[in-house]
Every structure is written in structure tokens, then in C-alpha cells.
Amino acid sequence: MGGPQESNEEDSVPELPEVETVVRQLAPCIEGRTVRRATLRARDLYRSGSLSLASVRASRVEGVERAGKAIVIRLGGGLPGVEMLVVHLGMTGRVVVPGATGGGMPVMEPAVAGSLPPFAGVAYGGRHRHGRIVFVGGPELWYVDPRRFGYLFVGPADGLRDRLHIGPDPFELTARAMSARLRGRKAPIKSLLLNQRVISGIGNIYADEILYHAGMHPLRSGASVERDTGILLRRARTVLRRAIQHRGTTLRDYRTPDGRRGSFQSCLLVYAREGERCRRCGARIRKIVVAGRGTHFCPGCQRAPRRARAR
DNA sequence: AGCTTCGCCTGCTTGC
DNA sequence: TGCAAGCAGGCGAAGC
């Protein structure tokens, strides 16, 4: 095999850094605003147990936060039980604030929204614009999701994270707490990093990057890295923090709400680099399948567990 | 209970 | 050129 492979780049999916970027841009746009009306076209985009999106009418946005990979919009002053609107972007979901002004952030005129590079091959609006929230005297918020892997949830704040299966993220965990979560687990560490109930916010791209920086082979069992949780957690935070500073990763189509590209792709050391040389040791980056997900690692820097060493 | 596999859904890429 | 199959991926459900 000569030279780097032209791999079929996936679009980057919204993980913790991308969602954090969205939250930071969205907050100044809608905080303090009151919802005039809200509609969701596709019923199947509701997470089970959700109230109708229309029920957020007359609620005021009290804050915009992130829980794992989910956007959490805290609401008040509306109907009883309407305390949270949660937007999970799945893999191709986006929030768009067309024509927003003030607050500084997502300034995207409708014309701009229409002319942005298509997302997963699809322009904004049209049949993929499933949700729409109109604020009193303020902007609109669109929910666009071509592949419909995302979800919305409207309901009470109580027990929200349990209900949505969102565990603590790497910034919320202590090394001790994370050790406890890995204890006795036989699943590969890669699978556990992707398991949002175990640790939230990490998806396929950052899982591979974090394991590379931690020098851990993706097939090592959770139990076997339990002692090295300190390193794993520190590396996770470093990678995620840097990615947030870069406004996330844009491999192809991902854009922040104000239409900019992320730039962390230039920092990726294993993901989407199959067949290329490791920048640290020169070995060729390999790609295997773990837990059904494409998994990239450096065979030089991430030594295989004994059981998997044969390959 | 823990772990793996499947299927959802759509658009792009690959292969015939 | 056109069409079908394959693939990607978060995550819940089903299966082991």
C-alpha cells in the first residue's frame, strides 16, 4: 500500500466540543427571550415521554447549557412541567439562528443560511428543517436534521440526566469516580468511552484521539485501565479543551451556528489517518472495528493487550 | 447485568 | 450512465 489512503471522510459528528461551541453561541441569542410559538413537524423526533414542542410557548429561556452531547435549554414561566427543552443533535442535527442580531454570536442572515455549504449534502431549510421556535421580538431557532438521528425532549428538569441516560462528562468526573465506573468492566475501553451512561460527551473521533494521547490500545478492557484512570481523564480533558478552543472538528460539512468551520481537524493524530504515519513514532496508523465503530490507533504508541496482540 | 449486534435514517461512494 | 449495495454513526432495543 503506497502512501496515505484517500479515506472516505465522514462528516464530523457533534461531540462535546462541538456541542459546547453551539451552546456558547446560542446562549447570548436566546437567553431572556420568550417563546411566541414552536412547532415540530416530525413526531418521531421526540424522545419518549416528551411533551409537545408547542408546549414551550410563553416560556422564557433562563439559560442554555450542555449535558454530555445534549443542548439543554432551561425554561421558566410557561406551562407547568415545561422546565427543559433538550436538543440532541444526533449525528447530523444542527441548530440554526437565521437573521439573529445582537448578543454577538450566531449572526446568520436567511440568505447566508441558504447559501452555506450544504450539510451532509443538503442545504438548510426545506424538508429537513423539522423544528422551528419563534421568539417574541427576537430571532428564530431552526432545528435541521437530514438523517434524523437527533431528538428533542420537553419536560420537567427533575431527573433529566437519568431519563436521557447522560452520565457525567470528563470535566465533571474525578479520577476516583471514573475508576469506579470502569471497575470490573470487560468491554473494550473504546466501547466504554462511547457509552454515554458511563461517561458522556465523547464520540468516535475524540475517543480515538483520547486513547492515542493516553497511550492506550482501544481493545484494552475497562478493568485493565482502571489503575490508569488519572492519565486517561487528564488526556481526555486536554483533548476536549483544545478542541473547544478550535470550535470543534470540521472534516467536511460541520459548521458552528454562525457558519464557521471548526479547526481541530488539523490536530487529529489518528482519526481519519489510516495508513498515514504516526507523527510521534512513524508507525502506520491502523483502522479496526471495535463495538461496530471504525477505530483508529497507532500500533507503536498504543500497545495491544496480550489477548489481541496476535493480529 | 454486561456486552454485542441490529436497525433506524439519509446521502455519498463504490462496484457492476 | 444508472442503479443497488455498502458505509457512516448515536443510541435504544433486542439478543446472547
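All chains are named by letter (A, B, ...) in the order of the sequence lines, taking the proteins before the strands, and each is independently numbered beginning at 1.
- One atom, CG of A:Leu89, and another, P of B:dC9, lie 19 Å apart when rounded to the nearest Å.
- Taking atom CZ on A:Arg148 and atom C1' on C:dC11, their separation rounds to 16 Å, with Å as the unit.
- For the helix from B:dG2-C:dC16 to B:dC16-C:dG2, the angle separating the two terminal helix axes comes to 60°, with each axis derived from five pairs and the value rounded to 10°.
- At most 12 heavy atoms of other shown residues, nucleotides or ligands fall within 6.0 angstrom of atom CG in A:Asp158.
- Distances shown here put a side-chain N or O of A:Gln196 below 4.0 Å from the OP1 or OP2 atom of C:dC11.
- Projected onto DNA chain B by closest heavy-atom contact, A:Ala187 and A:Asp44 fall at different nucleotides, the more 5' of which corresponds to A:Ala187.
- A:Asn204 pairs in a side-chain hydrogen bond (donor to acceptor under 3.5 Å, both in side chains) with only one of the listed residues (A:Glu209, A:His296, A:Lys190, A:Arg293), which is A:Lys190.
- When the side-chain nitrogen and oxygen atoms of A:Lys287 are compared with OP1 and OP2 of C:dA8, one or more of them lie within a distance under 4.0 Å.
- When rounded to the nearest whole Å, the span between OH of A:Tyr46 and P of B:dC8 equals 23 Å.
- Between the side chains of A:Asp145 and A:Thr92, at least one donor N or O sits under 3.5 Å from an acceptor N or O.
- Checked by atom type and distance alone, the side chain of A:Arg277 pairs as donor or acceptor with a backbone atom of A:Gly282 at under 3.5 Å.
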With a cut-off of 3.5 Å and sequence neighbours excluded, list every side-chain donor-acceptor pair involving residues 71-87 of chain A.
residue	atom	partner	partner atom	Å
A:Arg74	NE	A:Glu65	OE2	2.6
A:Arg74	NH2	A:Glu65	OE2	3.1
A:Glu83	OE1	A:Ala157	N	2.7

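- The residue A:Gly294 sits close only to the backbone: its heavy atoms come under 4.0 Å of sugar-phosphate atoms, none of a base.
- In terms of phosphate contacts, A:Lys186 brings no side-chain nitrogen or oxygen within less than 4.0 Å of OP1 or OP2 of B:dT4.
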> How far apart are the C-alpha atoms of A:Glu140 and A:Arg129, what are their side-chain angles, what is the distance that settles it, and do they pass the salt bridge (charged side-chain N to carboxylate O under 4.0 Å, His left out) test?
Replying inline: CA-CA 12 Å; A:Glu140 292 189 13; A:Arg129 194 186 73 187; 5.3 Å; no
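- The distance from atom CG of A:Asn195 to atom C1' of B:dC3 is 10 Å, rounded to the nearest whole Å.
- Neither OP1 nor OP2 of B:dC8 sits under 4.0 Å from any side-chain N or O of A:Arg147.
- The side chain to side chain donor-acceptor pair (under 3.5 Å) pairs that include a residue from residues 237-246 of chain A are A:His246-A:Ser263, where partners are two or more places apart or lie in different chains.
- The closest side-chain heavy-atom distance from A:Pro170 to A:Leu16 is below 4.5 Å.
- Between A:His128 and B:dG11, a side-chain N or O to OP1/OP2 separation shorter than 4.0 Å is present.
- Annotation: salt bridge (charged side-chain N to carboxylate O under 4.0 Å, His left out) contacts of A:Lys69 (sequence neighbours excluded): none.
- With hydrogens and angles disregarded, no donor-acceptor distance shorter than 3.5 Å links the side chain of A:Thr34 to the backbone of A:Ala58.
- The 5' end of DNA chain B is approached more closely, in terms of each residue's nearest nucleotide, by A:Gly184 than by the other of A:Gly184 and A:Phe149.
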Distances under 3.5 Å only, N/O to N/O: pair up the protein atoms with those of nucleotides 3-5 of chain C.
none

What nitrogen or oxygen pairs link the protein and nucleotides 12-16 of chain C at under 3.5 Å?
residue	atom	partner	partner atom	Å
C:dG12	OP1	A:Arg47	NH1	3.0
C:dG12	OP1	A:Arg47	NH2	2.8

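- Ring centroid separation for the pair A:Phe264 and A:Tyr206 comes in under the 6.0 Å cut-off.
- Phosphate proximity of C:dG9 to A:Tyr271: present, with a side-chain N or O under 4.0 Å from OP1 or OP2.
- Cation-pi contact between A:Arg47 and A:Phe153: absent, since separation from the ring centre below 6.0 Å together with deviation from the ring axis within 45° is not met.
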